[in-house]
Structure formats: C-alpha cells, structure tokens
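In what follows, residues are counted from 1 in the order of the sequence shown. Keep in mind that the numbers below use all heavy atoms, side chains included, and drop hydrogens, waters and symmetry copies.
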Amino acid sequence: MRDRRSAASDSEDEWESTKHDKGLAIIWPLLGRHIAFHRRLVELTASAKAALLLSQTIYWTRHGRDIARNGGWFHKTTEQWEMETGLSAKEQGTAREVLRELAIVKEQRIGIPAKLHFRLCVDQLGALLSDRIGKASAGMDWADGAAVAQLLGPAIAYHRALAGIGGGVHAGLLLSRALYLTRLQTKRQLDGWVCRSATQWTEEIGLTRREQETARRDLACAGLWEEALTGIPPRLIVRIRLDCLLRSEER
C-alpha cells in the first residue's frame, strides 16, 4: 500500500498540473496567430533572425494575395515586418542583408511613389535546401504542400506577442517553445517544469548558447522564467511563470 506522503505528492502534482492547464487555456487564445518558424533555415542562414524573416517571406510567397499576378513580388513596410515578426528596423536590415547575400530574396522599389517590394527566389532556396538535405535539386513546385514541408523540415510555432513581452525575438522564440513544451507536460498531467539542455534548445530553435543565456536573462528579469537544478548529475529545469505571463498579456 502506498503511504500518505506518496498520495499527498500525487495530489499536489495533479493540482499543479490542473493550475497550469487552466492558465494555458486562458493564455493561448490571447497569443493570436503564430509564425511557422522553420528551424532548418537557421542552418542555412546562420541566423535565427534571418531565418524568421525568411520563414515569413515564404509564408507570404505561398499565401499572399495577387502573388502570382505580380510575378512573386509583394510589398511590406518596415513597420509591417516589425508588427508580424518582432524584428526591429536594424534587425530587419541585418537579416535582409544575409538573405540578399545568399541570393534567396530580391528587393526592388516599385510604383509611384516607389515602395519596397520583396520576391523569394524559390529556385535558389530550393537548390540550397536540397543540397543541405542531400536531395537531388529539381524544379520545386511550391504549391505542393507535402514536398515543401519535406524541404523546409519541421516548423515550430513562434508567437510574435511573446517577443514584445520577453524583450526580443530570441526571448520570444525561447518562450514560444517553452510554452509549447509546458502544454505537452500538462496534457500528460505532469508539472510545469521542462528539462532541456543548451544543446537541445539549439537543436529545437537554433539559438546559440550565448543567445540562449541572454534570452533566459531577459525572461527572468521580466518575471516570466524560473530555473532550478535537479538530479545527480544536476540538470537544468525551467518553468514559465504563467501568472506573470497572463498579467503581461492582459495589459
């Protein structure tokens, strides 16, 4: 027979899981639409921010209105990019330079008055990605959802709102992934603590160890992030302060 201490521990874990589940149920609708952030693009661009801008460029190329009629060109202002991705004007400039150097995205001023337009070089992107995954490069049909998904690899949900709350895009990426993992934990009726090494975070979201450390510090300063060591050898576990996140979302 299990002792009372064990039964009490199970009851506490169940209460904690229920509390997190309720918090997530309130928070999730407030996050709004997410960006499908393709981790494989970080390897291609050597920059999580460039990969984020490229991920959104791919989205608009595939789903934007009048894209085919305009030869693949679409218009975005600096303010629109920032609203969608959380990237500042300076961060956008650096990311755009990376994409231009890789010949993945073209830029051109079109119309009167001239407005900056962008076009994804789909063949170049397809060739670079095919080379990385060891697949024969051929004319890519970007209307073929299954083929595109195979080429781009798995995507994670990036919530732009979390970048504004957490202090930047890197913090937003880390918090978005941690929130997803927390949701998985609560579905399994586990507590809200998530165990991930720096290497695992890099594999999942593409942030370097230094970028992770900065993002963790920013999130902790915002009161959204708790850390602890557990086990032998000690492992780092993290937990999102859902109560603080909810208050930030409601402001």
Side-chain angles (χ1 to χ4, degrees), residues 20-45 47-64 76 80-87 91-92 95 120 129 142 145-146 148-188 190 192-208 211-212 215-216 218-219 222 224-225 238-242 244-246 248-250:
H20 273 76
D21 201 28
K22 289 181 178 178
L24 286 168
I26 297 170
I27 290 170
W28 217 260
L30 298 176
L31 296 176
R33 295 181 62 183
H34 68 267
I35 288 177
F37 175 77
H38 298 279
R39 167 65 179 84
R40 185 171 290 166
L41 299 180
V42 182
E43 298 172 2
L44 183 65
T45 61
S47 164
K49 293 175 181 178
L52 176 61
L53 192 66
L54 181 55
S55 292
Q56 191 67 345
T57 299
I58 291 170
Y59 170 82
W60 284 116
T61 299
R62 298 191 66 215
H63 303 289
K76 284 284 174 189
Q80 287 172 326
W81 280 126
E82 183 168 4
M83 181 180 67
E84 293 176 15
T85 66
L87 293 166
E91 289 171 331
Q92 290 174 43
L120 179 68
L129 287 173
W142 286 83
V148 171
Q150 182 184 24
L151 193 65
L152 293 175
I156 68 170
Y158 164 74
H159 299 278
R160 188 271 179 252
L162 298 180
I165 294 170
V169 166
H170 290 163
L173 274 170
L174 188 62
L175 191 54
S176 293
R177 186 59 178 174
L179 197 60
Y180 167 79
L181 295 172
T182 301
R183 199 179 189 190
L184 288 184
Q185 290 279 87
T186 57
K187 284 183 177 180
R188 297 168 185 161
L190 301 172
W193 290 97
V194 172
C195 181
R196 281 292 188 279
S197 66
T199 300
Q200 287 174 313
W201 283 121
T202 297
E203 289 173 352
E204 293 180 11
I205 60 178
L207 296 184
T208 66
E211 289 169 342
Q212 291 174 43
R216 287 162 49 199
D218 290 344
L219 292 172
L224 304 173
W225 190 265
V238 302
R239 180 167 64 177
I240 300 174
R241 290 288 307 277
L242 293 178
C244 295
L245 180 58
L246 183 58
S248 298
E249 280 286 337
E250 290 176 339

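Heavy atoms only, all atoms of each residue included: A178 and I240 are closest at C-CD1, 3.6 Å. Nearest heavy atoms, H38 versus S55: N-OG, 3.2 Å. Between G166 and A171, the shortest heavy-atom contact is O-CB, 3.6 Å. Taking each heavy atom of A50 and A95 in turn, the nearest pair found is CA-CB, 3.7 Å. Of all the heavy atoms in S248 and I165, the pair that sits closest is CB-CG2, 3.7 Å.
Side-chain contact between L129 and L44: present, with at least one pair of heavy atoms (C-beta onward) separated by less than 4.5 Å. Looking at W201 and V238, their side chains come closer than 4.5 Å, going by heavy atoms from C-beta outward. Residues L242 and L179 are in side-chain contact: their nearest non-hydrogen atoms beyond the backbone lie under 4.5 Å apart. Using a 4.5 Å heavy-atom threshold, the side chains of E204 and Y180 count as separate. Between Y158 and V169 the shortest side-chain heavy-atom distance falls below 4.5 Å. Between F37 and V42 there is a side-chain heavy-atom pair separated by less than 4.5 Å.
Within the model, atoms CG of L219 and CD of Q212 stand 11.5 Å from one another, a figure rounded to the nearest 0.5 Å. The OG atom of S176 lies 9.5 Å from the CD1 atom of I35; values are rounded to the nearest 0.5 Å. One finds the CG atom of L175 at 14.0 Å from the NE2 atom of H170 (value rounded to the nearest 0.5 Å). Here the straight-line distance linking atom OG1 of T85 with atom CG of L54 works out to 12.5 Å at 0.5 Å rounding. Rounding to the nearest 0.5 Å gives a distance of 11.0 Å between CG of L53 and CG of L41. In this structure, the separation between CD on E84 and OH on Y59 is 9.0 Å, given to the nearest 0.5 Å.
Using a distance-only test at 3.5 Å, with no hydrogens or angles considered, a donor-acceptor pair links the side chain of R160 to the main chain of E82. Of the possible donor and acceptor atoms, one in the side chain of R40 sits under 3.5 Å from a partner among the backbone N and O of L151. Judged by distance alone, with hydrogens and angles left aside, the side-chain atoms of Q185 form no donor-acceptor pair with the main-chain N or O of G192 at under 3.5 Å. The backbone N or O of P154 sits nowhere less than 3.5 Å from a side-chain atom of R39 that would complete a donor-acceptor pair.
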Apply side chain to side chain contact (heavy atoms under 4.5 Å, CB included) to residues L246 and L30 and explain how you reach the verdict.
CA-CA 9 Å; L246 183 58; L30 298 176; 3.9 Å; yes
Would W81 and T57 count as a side chain to side chain contact (heavy atoms under 4.5 Å, CB included) if you check the C-alpha gap in whole Å, the side-chain angles of each, and the deciding distance to 0.1 Å?
CA-CA 10 Å; W81 280 126; T57 299; 3.6 Å; yes
Test side chain to side chain contact (heavy atoms under 4.5 Å, CB included) on L162 and L245; report intermediate values, then the result.
CA-CA 9 Å; L162 298 180; L245 180 58; 3.9 Å; yes
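Classified by interplanar angle (parallel below 30°, tilted 30° to 60°, perpendicular above 60°), the ring pair H34/H159 is perpendicular.
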